[in-house]
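Working notes for the structure below.
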Amino acid sequence: EVQLVESGGGMVQPGGSLRLSCAASGFTFGRYDMSWVRQAPGKGPEWVSSIRTGGDRSTYFADSVKGRFTIGRDNADNTMYLQMSGLKPEDTAVYYCNARGTFTRYGQDREFEVWGQGTLVNVSS
């Protein structure tokens, strides 16, 4: 089964830290760019961070989380993580992991995208 499963969410006080993980299965994890997207209550989805598949493993962050969040991946273990520190109440959201890219079948490139079910992060005193 092709799937992504997030874990590590929960309640945390403002200024605290939390580490989210995303476990991938059923596809070649190392071939695809990975991202974290969050959705706060009553709001639309917001892109948070991405990490590429290339040798440089370039990372990207939304302005709202730069300097506070880090992203990484372990292709051997088919996992991605989001290390969050200096958490703020506005970080409260459901966090989703995403895999995106292309694969070749019958000589043509095909789209590939998978979403996890999400894990809730609640930053509150």
Side-chain angles (χ1 to χ4, degrees):
E1 180 181 11
V2 174
Q3 64 177 6
L4 298 171
V5 180
E6 301 93 337
S7 63
M11 181 77 71
V12 63
Q13 295 184 7
S17 298
L18 206 62
R19 183 184 177 95
L20 305 182
S21 296
C22 174
S25 61
F27 65 98
T28 307
F29 175 78
R31 294 183 179 178
Y32 300 98
D33 298 328
M34 299 294 298
S35 296
W36 288 97
V37 176
R38 68 187 181 186
Q39 187 166 14
K43 298 185 180 298
E46 176 191 18
W47 169 77
V48 175
S49 182
S50 296
I51 181 167
R52 295 185 64 88
T53 64
D56 59 354
R57 299 190 181 184
S58 299
T59 59
Y60 309 88
F61 298 91
D63 289 341
S64 59
V65 305
K66 285 182 179 177
R68 300 189 297 118
F69 290 11
T70 60
I71 189 172
R73 65 191 297 166
D74 186 334
N75 290 342
D77 288 340
N78 294 339
T79 58
M80 175 182 66
Y81 71 85
L82 183 69
Q83 182 66 49
M84 306 180 293
S85 62
L87 285 164
K88 305 174 180 179
E90 50 263 45
D91 294 320
T92 296
V94 177
Y95 285 71
Y96 301 89
C97 62
N98 167 260
R100 181 178 177 85
T102 61
F103 67 96
T104 301
R105 178 176 291 178
Y106 304 119
Q108 299 184 37
D109 289 338
R110 310 287 184 176
E111 294 182 358
F112 179 91
E113 185 169 31
V114 181
W115 290 89
Q117 82 292 334
T119 186
L120 176 63
V121 173
N122 191 347
V123 185
S124 176
S125 60

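The analysis underlying the following values was restricted to heavy atoms, covering all of them including side chains, and did not include hydrogens, waters or symmetry mates. This structure is a prediction, so every number in the text was calculated from the model and none was measured.
- Residues Ile51 and Phe61 fall within the same hydrophobic cluster, defined by Ile, Leu, Val, Met, Phe, Trp and Tyr side chains chained together at heavy-atom separations under 4.5 Å.
- The shortest distance between side-chain heavy atoms of Val121 and Met84 falls below 4.5 Å.
- A perpendicular orientation is assigned to the rings of Phe103 and Phe112, their planes being inclined by more than 60° (bins at 30° and 60°).
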Which is it for Asp63 and Lys66 under the salt bridge (Lys or Arg N to Asp or Glu O under 4.0 Å) test, yes or no, and what are the steps along the way? CA-CA 5 Å; Asp63 289 341; Lys66 285 182 179 177; 3.1 Å; yes

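- Between Ala93 and Arg38, the closest heavy-atom pair is CB-CB, 3.8 Å.
- In this structure, the side chain of Asn98 engages the main chain of Val114 through a donor-acceptor pair within 3.5 Å.
- Annotation: side chain of Trp36 is in contact with side chain of Met80 (closest heavy-atom distance under 4.5 Å).
- Taking each heavy atom of Gln83 and Ser17 in turn, the nearest pair found is NE2-CB, 4.3 Å.
- A cation-pi contact links Arg19 to Tyr81, judged by a cut-off of 6.0 Å to the six-membered ring centre and 45° from its axis.
- Contact record, Ala24 with Leu4: CB-CD2, 3.4 Å, taken as the closest heavy-atom pair.
- In the hydrophobic clustering of this structure, Val12 groups with Leu82; members are Ile, Leu, Val, Met, Phe, Trp, Tyr whose side-chain heavy atoms approach within less than 4.5 Å, directly or through other members.
- Rounding to the nearest 0.5 Å places CG of Leu120 at 7.5 Å from OG1 of Thr92.
- Asp56 and Ser58 share a side-chain donor-acceptor pair at under 3.5 Å.
- Within the 4.5 Å cutoff, the side chain of Val37 has heavy atoms near those of the Pro45 side chain.
- Considering only heavy atoms from C-beta on, Val123 stays 4.5 Å or farther from Lys88 through its side chain.
- In this structure, the side chains of Tyr60 and Arg52 come closer than 4.5 Å at one or more pairs of heavy atoms.
- Minimum heavy-atom separation, Arg68 to Ser85: O-OG, 2.8 Å.
- If you check the side chains of Ser35 and Ser50, you find a donor sitting under 3.5 Å from an acceptor.
- Surrounding CD of Glu111 are at most 12 heavy atoms belonging to other residues, nucleotides or ligands under 6.0 Å away.
- Taking 4.5 Å as the limit, some side-chain heavy atom of Phe69 sits within range of a side-chain heavy atom of Asp91.
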Under the criterion side-chain contact (heavy atoms from CB on, under 4.5 Å), I'd like the reasoning laid out for Ser25 against Glu1: C-alpha separation, chi angles, the key distance, then a yes or no. CA-CA 7 Å; Ser25 61; Glu1 180 181 11; 5.9 Å; no

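- The shortest side-chain heavy-atom distance between Glu46 and Ser64 falls under the 4.5 Å cut-off.
- By the 4.5 Å heavy-atom criterion applied to side chains, Val5 and Gln117 are counted as neighbours.
- Just one residue in the list Thr53, Asp74, Asn78 forms a side-chain contact (heavy atoms from CB on, under 4.5 Å) with Phe29, and that residue is Asn78.
- Ring geometry for Trp115 against Tyr96 counts as perpendicular: the plane angle is over 60°, on a 0 to 90° scale with 30° as the lower cut.
- Residue Gln3 holds its CD atom at 10.0 Å from SG of Cys97, rounded to the nearest 0.5 Å.
- Sparse packing is recorded around CZ of Arg105, with 12 or fewer heavy atoms of other residues, nucleotides or ligands lying under 6.0 Å away.
- Formation of a donor-acceptor pair under 3.5 Å by the Glu6 side chain with backbone atoms of Leu20 is not found in this model.
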